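Please read all numbers here as calculations on a predicted model, not as lab measurements.
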Amino acid sequence: AQSVAQPEDQVNVAEGNPLTVKCTYSVSGNPYLFWYVQYPNRGLQFLLKYITGDNLVKGSYGFEAEFNKSQTSFHLKKPSALVSDSALYFCAVRDENTNAGKSTFGDGTTLTVKP
Amino acid sequence: NAGVTQTPKFQVLKTGQSMTLQCAQDMNHNSMYWYRQDPGMGLRLIYYSASEGTTDKGEVPNGYNVSRLNKREFSLRLESAAPSQTSVYFCASEREGHRYTGELFFGEGSRLTVL
């Protein structure tokens, strides 16, 4: 079984400040972890993923995420937030033996960046 | 390059009516998926197709049928719509190749209301 939790429904930050969107997961095997972003009235867009290798993964639009196996976390981060980063963010997980479309998605975290 | 295209974008149905949501991708991907998105519930997999001619049930298949018409097209049918099927529906395809494993491309969604 696999599951993912995004403990915060909403994250608010000021423009220029660092941001963190939290994600914790549970899988039976090795985890494949993903972050997607959804802008209003649009589909989800792939941001970044962790499959293997370095625990710090860099992705699109200056975002990065840190894989922490001991804490079973994969938090999304950005050093300096932009107003245009305001969107709905989804974390997803699957184990290495499950195909991508059967990933389990979190409930989403709404990020609001204020000027 | 259109990516994943869904039609219609909006639809209102009466209980008991039927309709088909269309999805097409122009990226030559083998795997395609249908999800529904409900507030506070993330994305839930309805059906998926690993290749042309094959389909499998996902997490919430009841009340739906699918057809993988060819490699490009994957349609979702509601035979007798119910208010519980009011949702936003997303079609997705999976990027090919080990380097891109797990990366999903999403359409912009079809917003369905069942009265």
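Only the side chain of Q38(A) comes within contact range of chain B, with heavy atoms under 4.5 Å apart. For D9(A), no part lies under 4.5 angstrom from a heavy atom of chain B. Using a 4.5 Å cut-off between heavy atoms, R111(B) touches chain A through its side chain atoms alone. Contacts of E59(B) with chain A are absent, with no heavy-atom separation under 4.5 Å from either backbone or side chain.
Ring orientation note: the planes of Y36(A) and F46(A) are nearly perpendicular, at an angle over 60° on the 30°/60° scale. Using bins of under 30°, 30° to 60° and over 60° for the plane-to-plane angle, the ring pair F106(B)/F105(A) lands in the perpendicular bin.
Looking only at atom types and distance, the side chain of T110(A) has no donor-acceptor partner in the side chain of Q10(A) under 3.5 Å away.
To the nearest 0.5 Å, the span separating NZ on K49(A) from CG on L47(A) amounts to 13.0 Å.
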